[in-house]
Amino acid sequence: MASLSCSADDLAQLLGPNTTNPTAAAAYLCSQFSTISDKFTDTAYAVDSTYLLFSAYLVFSMQLGFAMLCAGSVRAKNTMNIMLTNVLDAAAGGLFYYLFGFAFAFGTPSNGFIGRHFFGLKDVPTQSYDYSSFLYQWAFAIAAAGITSGSIAERTQFVAYLIYSSFLTGFVYPVVSHWFWSTDGWASAFNTDNLLFGSGVIDFAGSGVVHMVGGMAGLWGALIEGPRIGRFDHSGRSVALRGHSASLVVLGTFLLWFGWYGFNPGSFTKILHHYSSGSYYGQWSAVGRTAVTTTLAGSTAALTTLFSKRILSGHWNVTDVCNGLLGGFAAITAGCSVVEPWAAIICGFVAAVVLISCNRLAEKLKFDDPLEAAQLHGGCGAWGIIFTALFANEKYVNEVYPDKPGRPYGLFMGGGGKLLAAHVIQILVIVGWVSATMGPLFYALHKLKLLRISAEDEMAGMDMTRHGGFAYIYHDDNDDSQKPGIQLRKIEPRATTPTSV
Amino acid sequence: MASLSCSADDLAQLLGPNTTNPTAAAAYLCSQFSTISDKFTDTAYAVDSTYLLFSAYLVFSMQLGFAMLCAGSVRAKNTMNIMLTNVLDAAAGGLFYYLFGFAFAFGTPSNGFIGRHFFGLKDVPTQSYDYSSFLYQWAFAIAAAGITSGSIAERTQFVAYLIYSSFLTGFVYPVVSHWFWSTDGWASAFNTDNLLFGSGVIDFAGSGVVHMVGGMAGLWGALIEGPRIGRFDHSGRSVALRGHSASLVVLGTFLLWFGWYGFNPGSFTKILHHYSSGSYYGQWSAVGRTAVTTTLAGSTAALTTLFSKRILSGHWNVTDVCNGLLGGFAAITAGCSVVEPWAAIICGFVAAVVLISCNRLAEKLKFDDPLEAAQLHGGCGAWGIIFTALFANEKYVNEVYPDKPGRPYGLFMGGGGKLLAAHVIQILVIVGWVSATMGPLFYALHKLKLLRISAEDEMAGMDMTRHGGFAYIYHDDNDDSQKPGIQLRKIEPRATTPTSV
Amino acid sequence: MASLSCSADDLAQLLGPNTTNPTAAAAYLCSQFSTISDKFTDTAYAVDSTYLLFSAYLVFSMQLGFAMLCAGSVRAKNTMNIMLTNVLDAAAGGLFYYLFGFAFAFGTPSNGFIGRHFFGLKDVPTQSFDYSSFLYQWAFAIAAAGITSGSIAERTQFVAYLIYSSFLTGFVYPVVSHWFWSTDGWASAFNTDNLLLGSGVIDFAGSGVVHMVGGIAGLWGALIEGPRIGRFDHSGRSVMLRGHSASLVVLGTFLLWFGWYGFNPGSFTKILSPYSSGSYYGQWSAVGRTAVTTTLAGSTAALTTLFSKRILSGHWNVTDVCNGLLGGFAAITAGCSVVEPWAAIICGFVAAVVLISCNRLADKLKFDDPLEAAQLHGGCGAWGIIFTALFAKEKYVNEVYPGKPGRPYGLFMGGGGKLLVAHVIQILVIVGWVSATMGPLFFALHKLKLLRISAEDEMAGMDMTRHGGFAYIYHDDDDDLQKPGIQLRKIEPRATTPTSV
């Protein structure tokens, strides 16, 4: 890349002694170029920060999406509970990620396992980490916790929730993101020293780091808690406990789709970065391509699910389509920046199949996950990691992860099996790490009777017993408001005039 | 515009033979300027791509707005159906627009009628079309399909929906957008060869291309299907079938408003474009002005509707205000970038009147459109096209559509009638083309008994019969969950234990 | 900061007479630098406009947040009413702010009390005010009106609402924003002539200008109207009148959080502004820091509220947590750009305590504010103003309000008490001004019987009596559809045919 650095000495010599004051002329010109160079630096910081901040805001809007998706997917009697967990994911996550999480994840210089600087944002901003980086990474961290809360919905004590959520956002997730995304991480593709298998793991926006971590944590939680009462009947047949509002599910899904445009294309973190200066093709094109692959993977997965479910269950089901869509997104997240658009279609198609199979398997094993979060984020996330190792395009890999020419790329694209090996290791390591940390935690909570609510509470719904009342009051007994103190009772219709919703 | 191109020969001559090495000095300086020029190119691409991508995300959020607006405007028993169509608009639209749509619309070089390159994004990115352009145009395409789905809501078979939606997004809409927006389009104001009436059609963000196309398609669909059961009683009087949730309507309307800031100002596609370099007035001001005209038109239409409806019907109606607001937006869309803010107020006022009149007319003709989509997007869209031809400001027209000085502008602004003639032709051509393509399609579906659902299904609601159950379950029969297999039954309250919300 | 201005004369002399054509060579080089300088100007305008416009869109999305929060917090029978007021805040606000408001607030040159240019955006754009500034300020203005509408919800005549809303958005709020934000304002920290106490008021994004104004206006409205029927029983005990949908409350809260990233960081209005050119630390870092302080203050307030309410009321309450969160945001708004992240945690903690205390006090005084808007925006807003005067950091104050070195800063940071005095004056002045304008207005409306609805209407709900029907119809009586004219009746369950959801 041509630079604007200017040597006044050289230029003075070129102008030569016949020029009246060559030194001053050269210094003058060089100072102009240096000013220009500084202004370009400023511009790049401003543009990239704008890009990163608005991407962070989009990713944050996914938390709203999760809240609405979860709320719509549970029964009305547990709506307040699940929404409170989602609000607190963001709020408690904000504090813990500020205090420890960001430091564990990106504190540099550090060893390959865990970061050890930047606690409480000390010494930030630096050359490479500005406040906007923190905000962006925080939005990612709370997404992981949000995934897990879906798996254990409708039957978990609120205190247990507070404990696991802090632990996940503050420690488990940051360590994983350190491994794969920090420049010091042992498996990071950005590692400047030595890359795992000469390649490192290409988990661009976190199919593994975010989705599998959240999904695996949910898997252990749901496994240890066991299914909700009534989810499997006495003869062992699966009974769908449908969520209370499909409108909220669709609202949440669309918001997640909207936010995913911050999640995937935003993961470049910089947009003013040329691949060859002065050309129309640069990182801005790669960002656009990432948005396109994301869209196509989700769309394909949605359509595949639509028709598969039509064949399997006989009706056109909107909540299944929404889950399929999200499965496609979770899968493309790892490879979104390094695959061709046509490959994204394959990714989405397989993701839908993976999700349906995982759900089948879960039913067989009597595993109950109200949001299908373990299947969706765990299963499709794992597929996404494999997919990337198969379809990563050489040119794109070298553009997105520059300065190491000849690095391995997708197996099916002729790039050999090294990337695949690295990615298999990623899956194993994530499964191992999350199982080794979250599994014992959930088990300890279980043994301490802190994990699952009582059967009576579960039947009555947590909103009534723990959260001060039901989430909805659609009918109004006007005369009730006259009666003192009837505040948090369960609303009982009167026998004489049975009311309805 | 001053450029940074630098001739080393010229500069060497200026420095002259007395300079020690004039050639090298000149080459050195010129290479610096060339580097600078390249960096400006990079910056412009990055800034414009950022602008376009985030605008595209905003436009995408309109799909969520449509979904919520439609969901709230239909009866509860058809909520799942209409939301599924909105999700699939986006998903199926993503695939079809990727495979054909974008190619038909913007594939260049091509003839004036239809594009023929870029199938499956082959050869993209080019100098003029990057991935972000595709994403932006896709978000527009699915909006057109979303409009139509509102017109035929609550009574259309799902299969019919899949067929017309693919056809509209994949062929009908792309061809129209080619005519008016592609540089090759026969009526495009960007056409570099010869402009229709020396002017071309100024449909900046698509009052005609998007809204009228969607509205006209909906008109034919709703006309061929006939009104919903119960919409007009035996004596022929109109009976309002109110939607099930005003909250969703307001949510959807606000989201559409939010997204319209991507739709209208975003249609500039570039923001780093000066009108005279170094001045505070440039395309960024025009972008801001467009956002202001959009806001004012919608606001005026909302207030006009509020007071008109108060006089006509006696109450302050929020859903009518929402529709009025959207009518104002649909109307200003064509001229948003080329009119003064005060003209936008006129635009909004008339749009509200047009919408009320169209609704009156529809009732007279026993035309039933659950979302008023044909009236709103068709009627107000047509008014918007006329409005632009009357009020387009000379200065703004020449800034937004540069390099052709002396082009016609608004009739009332002294610009002559040529623009009006071109715009009347636009209306006729859009009506003709959509009628000639979508009319026969709907008619064929009708004849094949694929269009309308059976009367029984319509009475029961499509959610129960086709989509696996009702969208909402606000009450919980706890004991039910114990009974096996009661999964998708209609929930019946029992006389013995009346349950409540 | 080094500039790119270039003197051809100087450069010609440096090149000297031995150069063949020194004048031409110098002119050539200088024209290149001038072109470059112009291009940087263009770039800065484009980047800053992009930043400001998207921030404005985010702030606009807060209106949607308000609408949903208000809708969920009132009883179902008044949903249409409150949502209509929120839609009209935006729409009527758009017109009035265009016609007068912006002129009163920012019309320059003017006196310290009120602006007097830019009516109907005449003479805009100027060097300092572009259309995008108007759009951004409009989004702020409607937020203030939105706050007030919450305080007087469920019992106010719609006409009264229209009157106060226009008056507040068109006059009261613009005058306050002129005082504290315009370069001419008598208490503005941007005032170029003489600063109040050598400091001016540092109300960066409007804890006082927006939140206290809205809150105090609401206080007077709610005080004059008195509590809702049934809010305090005969023995004077407080009876909760719970909102009808916690899902809408959470949706609204998250949208407000999302929008607050436009409100606070967006208030810089420019992002491409280096503090020292060529460094990684510039206004973009300050913008990011502002987003971080905002996040931390809200998060801390949410957690504090969660545990306080658990102790006080015995359950984990999601709507209280949402209110606490918003209280934290309202408080940090004044100082968000000039405090350290750790100070934001203190800010949020105290804000939660302030809100709880204010609510206690309100209960004691039998003051009824359905949204807690007076307590939240008034109380926490006032705390935010004090907080800023205590914790504003010297370095940040001088970066954000440059050009006046040695200005006072936070008392606890060693900056002396002048800032605190200025901020106490701000609180007094805002309370005085809003009381002197909105108090008499509400009182006059009250005396004219235009303020409060009749007791019968209040019991029946305004939707039924004024807005054409109930907001929700979750059950469908299919046979009803056949009967003509049964349109806006209250839905009564019938004993004979038990209906379902």
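So that the names make sense, note that chain A is the first sequence line, chain B the second, and so on, each numbered from 1.
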| task | Just give me the residue among A:Leu29, A:Leu248, A:Leu121 that pairs up with chain C most often, heavy atom to heavy atom, under 4.5 Å. | result | A:Leu29

| said: Quick check on C:Val47 against chain A: is it the side chain, the backbone, both or neither that has a heavy atom closer than 4.5 Å? | reply: side chain

| remark: Hits for side-chain contact (heavy atoms from CB on, under 4.5 Å) against C:Ser55, two or more places apart or cross-chain, chain-then-number order -> A:Phe54, C:Tyr51, C:Tyr136

| Heavy-atom proximity to chain A below 4.5 Å, by part of C:Ser247 | both

| said: With chain A as the partner, which of C:Asn317, C:Thr300, C:Leu306 has the greatest number of non-hydrogen pairs under 4.5 Å? | reply: C:Leu306

| Structural part of C:Val292 lying under 4.5 Å from a heavy atom of chain A | both

| Under 4.5 Å from any heavy atom of chain C - which part of A:Met68 | side chain

| message | Just so I understand: if I count every heavy-atom pair under 4.5 Å between each of A:Thr50, A:Leu58, A:Asn81 and chain C, which residue has the most? | response | A:Thr50

| said: Under a 4.5 Å cutoff for heavy-atom pairs, which residue among A:Thr23, A:Thr79, A:Leu99, A:Leu162 has the most contacts with chain C? | reply: A:Leu162

| task | Flag the one option from C:Asp320, C:Leu303, C:Ile345, C:Thr319 with the top tally of heavy-atom pairs under 4.5 Å to chain A. | result | C:Leu303

| query | Heavy-atom distance under 4.5 Å to chain C: side chain of A:Ala67, backbone, both or neither? | reply | side chain

| message | Any side-chain to backbone donor/acceptor pair from C:Lys77 onto C:Met459? Under 3.5 Å, distance only. | response | yes

| said: side-chain contact (heavy atoms from CB on, under 4.5 Å), that's the test. Do C:Leu251 and A:Leu64 meet it? Break it down for me. | reply: CA-CA 7 Å; C:Leu251 173 60; A:Leu64 169 56; 3.6 Å; yes

| Relative to each other, are the rings of A:Phe158 and A:His467 parallel, tilted or perpendicular (30° and 60° limits)? | perpendicular

| said: Under a 3.5 Å distance rule, please check whether C:Thr294 uses its side chain to pair with a backbone N or O of C:Thr290 as donor and acceptor. | reply: yes

| query | Has the side chain of C:His315 got a donor or acceptor atom that lies under 3.5 Å from a matching backbone atom of A:Thr465? | reply | no

| C:Tyr281 versus chain A, heavy atoms under 4.5 Å apart: side chain, backbone, both or neither? | side chain

| remark: Greatest number of non-hydrogen atom pairs under 4.5 angstrom with chain C, of A:Tyr28, A:Phe40, A:Tyr131, falls to A:Tyr131

| query | Which bit of A:Ile36 is near chain C, if near means a heavy-atom gap under 4.5 Å: side chain, backbone, both or neither? | reply | both

| query | Checking C:Thr43 against chain A: side chain, backbone, both or neither under 4.5 Å from a heavy atom? | reply | side chain

| Largest heavy-atom contact set with chain C, pairs under 4.5 Å, which of A:Ser132, A:Ala92, A:Gly94, A:Ala71 | A:Ala92

| task | Describe, in one word, how the ring planes of C:Trp284 and A:Tyr45 are oriented to each other, choosing from parallel (under 30°), tilted (30 to 60°) and perpendicular (over 60°). | result | parallel

| said: Heavy-atom cut-off 4.5 Å, strictly under: side chain, backbone, both or neither for A:Tyr98 against chain C? | reply: side chain

| field | Aromatic ring pairing A:Phe60/A:Trp138, orientation class (parallel under 30°, perpendicular over 60°, tilted between) | value | parallel

| said: Quick one, C:Ser285 with C:Tyr280, criterion side-chain hydrogen bond (donor to acceptor under 3.5 Å, both in side chains). Give me CA distance, side-chain angles, the key distance, then yes/no. | reply: CA-CA 8 Å; C:Ser285 308; C:Tyr280 62 83; over 6 Å; no

| query | Heavy-atom distance under 4.5 Å to chain A: side chain of C:Pro265, backbone, both or neither? | reply | side chain

| query | Can you name the closest pair of heavy atoms from A:Asn86 and A:Tyr161 and give their distance? | reply | N-OH, 4.5 Å

| query | Backbone N or O of A:Met462 within a donor-acceptor pair of the A:Asn78 side chain at under 3.5 Å? | reply | yes

| remark: Interface check, chain C: of A:Thr126, A:Leu255, A:Val124, A:Asp463, most non-hydrogen pairs under 4.5 Å belong to A:Thr126

| query | Which class fits the ring pair C:Phe254 and C:Trp257: parallel under 30°, tilted 30 to 60°, perpendicular over 60°? | reply | parallel

| request: With sequence neighbours excluded, tell me which residues meet side-chain hydrogen bond (donor to acceptor under 3.5 Å, both in side chains) with C:Ser49. | output: none

| note | Applying a strict 4.5 Å limit to non-hydrogen atoms, the region of A:Leu88 in contact with chain C is side chain

| field | chain C contact via A:Val159 - side chain, backbone, both or neither, heavy atoms under 4.5 Å | value | side chain

| Heavy-atom proximity to chain C below 4.5 Å, by part of A:Ala90 | both

